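All remarks here apply to the structure that follows.
Quick caveat, the model's predicted, so the values are computed rather than measured. So you know, we letter chains A, B, ... as the sequences are listed, proteins then strands, and number each from 1.
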2 protein chains.
Amino acid sequence: MPTTEVISNRKQEIIEKATALFQKQGYSATSMRDLASFIGMEAASLYSHIKSKEELLQIICFNMADKLFEPVKNIASENLSADEKLRKFVLSHVKVLTNDTASSAVFFSEWRHLSEPYLSDFLKMRDQYEGIFIKVLIEGNRTGIFKFLDAKFTVLALLSSINWLPSWYKKDGQLSPEEIAENVTDVFINGLKVRN
Amino acid sequence: MPTTEVISNRKQEIIEKATALFQKQGYSATSMRDLASFIGMEAASLYSHIKSKEELLQIICFNMADKLFEPVKNIASENLSADEKLRKFVLSHVKVLTNDTASSAVFFSEWRHLSEPYLSDFLKMRDQYEGIFIKVLIEGNRTGIFKFLDAKFTVLALLSSINWLPSWYKKDGQLSPEEIAENVTDVFINGLKVRN
DNA sequence: CCTACCGATCGGTAGG
DNA sequence: CCTACCGATCGGTAGG
């Protein structure tokens, strides 16, 4: 998955069109003939650019994983309080998702069709990503900023309260990524209830 | 979808096994031959009990929709404050999900493979369900209990912060449905931050 | 509930 | 990037 390989413009186009179809129909329900006719070529011709249907899914999933992972790793190493870190995590996460909703949607709902060893690698990365969030929650609990019953449970709830975004967000909608992130962190960190 | 039809034990078994496979492999990636061999019969024999592969998906999806909808409709008509109502909504939602995680998982991630007019009916029910939640949030905002930027956005975030549960919850795990609901409402309604 | 079978479609390859 | 084609598998039906 470390894609050191050069990706041609044509291959890039195939990936983009595949992403759109995988999002709309699902990976399994999308045939290579669907993809070919959507691009305007014969199905057999796709194979001069890609090795297999699954290669497309691998590229989409691991590319998104990298885009999510890197900024969060950087924020984690900054010298910030736990709640400031969590806010920045959420903003970063939201920005990556809203920046490419199609890839994000495929990433979240089609990864299970990866075959081994890609599936295991993918799950390992996901665990690491969640681990960064969990660590900050625990840190915040230690310093008396956060309260919660179970750190992992809370992180999964937090992340999934954001991860429906790709299936909903429109770039021409009224909410910017920043407003969405603010909304999520406000509700999740500060709560829905008016403080009294 | 109003299933007035009597469902035989054998059909019930087919539905349950189909649910398990749809959850594990996805609807499109599950063949009728997969299902048949999982049950221990020939693929052709399935069709003396069901009309089509999609009928199985229809039954699973609309059955779950009913199970979610009914209790929430009842709670909505009770004479409670907005935050009490929301708490009861969440508890009901969590209970239905944890009670049948396999059906819930299929319900949440495979509904898009429904054909018309089932797809439109399904989306209509989903909108109505979300509408009940939205109404309570707006009510709570009017009575000064809740604050939020956008009611629909907040409801979608709330529901999706719960809807990952089916893919995670184990009946023999340490958290009961009540504890999960408590956890979700505590964080979501009261916030993660310690009040000061 | 089975055997036998249908036409359609699948991911992918050979060879140019 | 195309034509031609492969074996495998798909959802489903006929007939018993």
With the threshold set at under 4.0 Å for non-hydrogen atoms, list the residues of residues 8-18 of chain A touching DNA chain C in residue-number order.
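Within this stretch, nothing sits under 4.0 Å of the strand.
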
Parallel, tilted or perpendicular: which fits the ring planes of A:F153 and B:W168, with parallel below 30° and perpendicular above 60°?
perpendicular

Indicate the ring-plane relationship of B:F108 and B:H93, choosing parallel, tilted or perpendicular according to the 30° and 60° boundaries.
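Taking B:H93 first and then B:F108, their aromatic rings sit tilted (interplane angle of 30° to 60°).
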
Close side-chain approach of A:L68 and A:L97, heavy atoms under 4.5 Å
yes

Considering only heavy atoms from C-beta outward, does the side chain of A:I15 approach that of A:I60 to under 4.5 Å?
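A:I15 vs A:I60: side chains touch.
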
Under the side chain to side chain contact (heavy atoms under 4.5 Å, CB included) rule, collect the residues that match up with A:E116, sequence neighbours excluded.
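Residues passing side chain to side chain contact (heavy atoms under 4.5 Å, CB included) with A:E116: A:L119, A:S120.
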
Output the rounded distance in Å from CD (A:E42) to C1' (D:dC2).
7 Å

Calculate the interatomic distance between A:I50 atom CD1 and C:dT13 atom C1'; express it in whole Å.
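Atom-to-atom, A:I50 to C:dT13, this comes out as 14 Å.
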
Applying side-chain hydrogen bond (donor to acceptor under 3.5 Å, both in side chains), which residue pairs with at least one partner in residues 70-81 of chain B are found, sequence neighbours left out?
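Found B:E78-B:K88, B:S81-B:D83, B:S81-B:E84.
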
Between A:Y169 and A:W164, is the gap from one ring center to the other below 6.0 Å?
no

Any N/O pairs under 3.5 Å between the protein and nucleotides 10-12 of chain C? List them or say none.
residue: C:dC10; atom: OP1; partner: A:S31; partner atom: OG; Å: 3.1
residue: C:dG11; atom: OP1; partner: A:T30; partner atom: O; Å: 3.4
residue: C:dG11; atom: OP1; partner: A:K53; partner atom: NZ; Å: 3.0
residue: C:dG11; atom: OP2; partner: A:M32; partner atom: N; Å: 2.8
residue: C:dG11; atom: N7; partner: A:R33; partner atom: NH1; Å: 2.7
residue: C:dG11; atom: O6; partner: A:R33; partner atom: NH2; Å: 2.9
residue: C:dG12; atom: OP2; partner: A:Y47; partner atom: OH; Å: 2.8
residue: C:dG12; atom: OP2; partner: A:K53; partner atom: N; Å: 2.8
residue: C:dG12; atom: O6; partner: A:R33; partner atom: NH2; Å: 3.4

Taking A:F122 as the fixed residue, which of A:F69, A:Y129, A:W111 is the one that meets the ring pair (Phe, Tyr, Trp, His ring centres under 6.0 Å) rule?
A:W111

Would you confirm whether B:Y27, through its side chain, and B:S109, through its main-chain N or O, come within 3.5 Å as a donor-acceptor pair?
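No.
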
Does DNA chain C take part in any stems of at least 3 consecutive Watson-Crick or G-U pairs (both distances under 3.5 Å), and if so, which ones?
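The stems are C:1-16 with D:1-16.
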
Examine C:dC1: is either OP1 or OP2 under 4.0 Å from a nitrogen or oxygen in the side chain of B:S48? Give yes or no.
no

Under the salt bridge (Lys or Arg N to Asp or Glu O under 4.0 Å) test, residues paired with A:K51 that sit two or more places apart
A:E55

